[in-house]
Amino acid sequence: MTSPAVSFVIPAYNEELLLPRTLDSIHATARELGLDYEIVVADDASSDRTGAIAAERGARVVRVSNRQIASTRNAGALAASHGVLFFVDADTMVPVGPVAGALRVIASGGVAGGSTCAFDGKLPLWVRLIMLPIMVLGRWARLTPGAFLFCTREAFEAVGGFDETVFGGEEVLMARTLDRFAKTRRQRFTIVRSPIITSGRKLRGYAGWELLGSLVLLALRGRRGARQRDNFAMWYGPRREDPEGLPEAPKRSNRIL
């Protein structure tokens with residue numbers, strides 16, 4: 001069966017350090033699978049070489065000035081040409097497995113889904129301890145990390161894209177919305193088992209109490225809290241350096257979902 005043409009949409013802000021390996025991994029995977037593909041990088045007001053690096057590595061660059069992840073994802077999707085959309089974060093490597101699994105979902109009549117997730121580099125002990133319960137909960141709730149989400153263009157347009165009223169958690173809202181849409185088609189939002197590999201820089205750069213405290217506060221405040229940029233300082237504030245620098249992809253899966 002011929003694979004559909006696919007668009008990889010990458011929102012990016014000041015990602016000159018990690019974007020090259022993301023783009024290289026997508027090119028390698030797409031070529032191995034023999035895909036008709038494009039890469040669209042939505043460069044959201046970067047002050048570094050993010051846009052130039054994207055262009056040098058064969059991506060089409062869409063320049064926006066939103067400083068909001070949901071609207072930047074939507075801008076990239078609007079510029080994309082193909083019928084299957086893969087939303088990939090700029091700090092995420094995409095092996096063959098999750099893309100091949102996603103295409104099997106689409107080929108079998110599915111409309112959307114995500115993948116499991118592994119982190120690069122060494123992870124703090126507290127992260128390793130909570131991985132298993134988070135993995136079980138995520139699969140039960142059919143949630144996918146925002147670093148990798150796929151859907152047909154029809155599904156994307158039918159649900160109206162990502163919710164631009166929020167500054168974070170847009171991938172969770174989108175997954176739930178796509179899941180509901182899939183059910184109207186008597187389909188499921190499917191999480192493929194092969195993991196993408198995303199950066200563990202926030203897990204290494206912030207203390208556990210900082211990350212978990214922020215997540216608990218956001219959970220308590222709900223959608224109202226998600227509509228306030230100040231509640232997402234870890235995403236929109238100054239970026240902390242990764243203590244490991246630029247780690248290699250894990251030889252064993254530091255899987256989280």
Side-chain angles (χ1 to χ4, degrees), residues 3-103 114-115 117-121 145-151 153 156 162 171 194-202 235 239 241-242 244-251:
S3 296
V6 302
S7 297
F8 294 91
V9 178
I10 304 174
Y13 169 71
N14 285 353
E15 290 286 4
E16 65 179 4
L17 181 64
L18 296 181
L19 183 60
R21 68 179 193 175
T22 295
L23 295 172
D24 291 348
S25 75
I26 292 173
H27 282 306
T29 287
R31 288 165 183 162
E32 183 169 342
L33 292 173
L35 299 181
D36 177 6
Y37 75 104
E38 66 175 354
I39 302 176
V40 178
V41 172
D43 180 10
D44 190 359
S46 294
S47 58
D48 64 3
R49 296 191 70 253
T50 291
I53 287 171
E56 289 165 3
R57 279 175 158 77
R60 182 149 50 90
V61 180
V62 177
R63 300 189 185 278
V64 296
S65 187
N66 300 320
R67 292 302 291 127
Q68 184 202 41
I69 185 67
S71 56
T72 301
R73 291 188 194 276
N74 285 341
L78 183 64
S81 305
H82 299 321
V84 176
L85 304 174
F86 285 86
F87 295 93
V88 178
D89 280 357
D91 62 354
T92 299
M93 292 175 283
V94 184
V96 168
V99 176
L103 292 176
S115 74
C117 176
F119 289 108
D120 66 5
F148 184 86
L149 185 149
F150 65 90
C151 62
R153 178 172 293 281
F156 179 85
F162 289 89
E171 73 278 19
S194 296
I196 47 91
I197 303 167
T198 197
S199 173
R201 57 187 171 179
K202 282 191 175 66
W235 288 265
R239 184 175 294 157
E241 290 189 10
D242 189 338
E244 281 209 358
L246 187 61
E248 297 288 332
K251 293 182 174 62

Study note, to complete from the structure: Those residues at least two apart in sequence (or on a different chain) that pass side-chain hydrogen bond (donor to acceptor under 3.5 Å, both in side chains) with Thr29 are none

Check your understanding: When you look at Val62 and Leu78, which way does the side chain to side chain contact (heavy atoms under 4.5 Å, CB included) test go after all the steps?
Key -> CA-CA 10 Å; Val62 177; Leu78 183 64; over 6 Å; no

Check your understanding: Heavy atoms, side chains only, cut-off 4.5 Å: are Phe119 and Thr198 in contact?
Key -> yes

Review point. Closest approach of Ala45 and Tyr13, non-hydrogen atoms and distance?
Key: O-CE1, 3.5 Å

Point to revise | Closest approach of Ala77 to Leu85 (non-hydrogen atoms, all atoms of both residues) | key: CB-CD1, 4.2 Å

Review point. Are any of the side-chain heavy atoms of Asp89 and Ile196 separated by less than 4.5 Å?
Key: no

Review point. So, for Phe162 and Phe87, is the gap between ring centers shorter than 6.0 Å?
Key: yes

Point to revise | NZ/NE/NH1/NH2 to OD/OE distance under 4.0 Å, Asp120 and Arg21 | key: yes

Review point. Does the side chain of Leu23 reach to within under 4.5 Å of the side chain of Val41, using non-hydrogen atoms?
Key: yes

Check your understanding: Looking only at atom types and distance, does a side-chain atom of Arg60 sit under 3.5 Å from a main-chain N or O of Ala79, one as donor and one as acceptor?
Key -> yes

Point to revise | Those residues that, when tested against Ala52, pass side chain to side chain contact (heavy atoms under 4.5 Å, CB included) (two or more places apart) | key: Arg49, Glu56

Check your understanding: With no hydrogens and no angle check, is any side-chain donor or acceptor of Ser71 less than 3.5 Å from a backbone partner on Gln68?
Key -> yes

Review point. If every non-hydrogen atom of Phe150 is compared with every non-hydrogen atom of Gly114, which pair is closest and at what distance?
Key: CE2-N, 3.3 Å

Exercise for review: Determine the minimum heavy-atom distance between Ala100 and Leu33, stating which atoms define it.
Suggested key: N-CD1, 4.0 Å

Exercise for review: Apply side-chain hydrogen bond (donor to acceptor under 3.5 Å, both in side chains) to Ser65 and list each qualifying residue two or more places apart in sequence or on a separate chain.
Suggested key: none

Review point. Quick one: are His82 and Asp36 in side-chain contact, heavy atoms under 4.5 Å?
Key: yes

Practice item. Look up atom CG in Asn66 and atom OG1 in Thr72, then write down how far apart they are to the nearest 0.5 Å. Key: 4.0 Å

**Study point:** Side-chain heavy-atom pair Val99, Leu35 within 4.5 angstrom cut-off
**Key:** yes

Practice item. To the nearest 0.5 angstrom, please state how far the CD1 atom of Ile53 sits from the CG atom of Leu19. Key: 6.5 Å

Point to revise | Non-hydrogen atoms of Glu244 and Gly121 that approach each other most closely | key: OE1-CA, 3.4 Å

Study note, to complete from the structure: Looking only at heavy atoms, the pair that brings Val9 and Pro11 closest together is O-CD, 3.8 Å

Practice item. Mark yes or no for whether Arg73, through its side chain, and Glu171, through its backbone, hold a donor-acceptor pair below 3.5 Å. Key: no

Point to revise | Student check: side-chain heavy atoms of Val94 and Thr22 closer than 4.5 Å | key: no

Exercise for review: If the plane angle is over 60° it's perpendicular, under 30° parallel, otherwise tilted; pick one for Tyr37 and His27.
Suggested key: perpendicular

Exercise for review: Verify, without hydrogens or angle tests, whether Asp44 (side chain) and Arg67 (backbone) share a donor-acceptor contact under 3.5 angstrom.
Suggested key: yes

Check your understanding: Between atom CG of Asp242 and atom CG of Leu17, what is the distance when rounded to the nearest 0.5 Å?
Key -> 8.5 Å

Check your understanding: Does Asn14 use its side chain to pair, donor to acceptor, with the backbone of Ser47 at less than 3.5 Å?
Key -> yes

**Study point:** Lys/Arg-Asp/Glu bridge criterion (N-O < 4.0 Å) met for Glu16, Arg239
**Key:** no

Check your understanding: Got Arg57 and Asp24 here, is their nearest side-chain heavy-atom distance under 4.5 Å?
Key -> yes

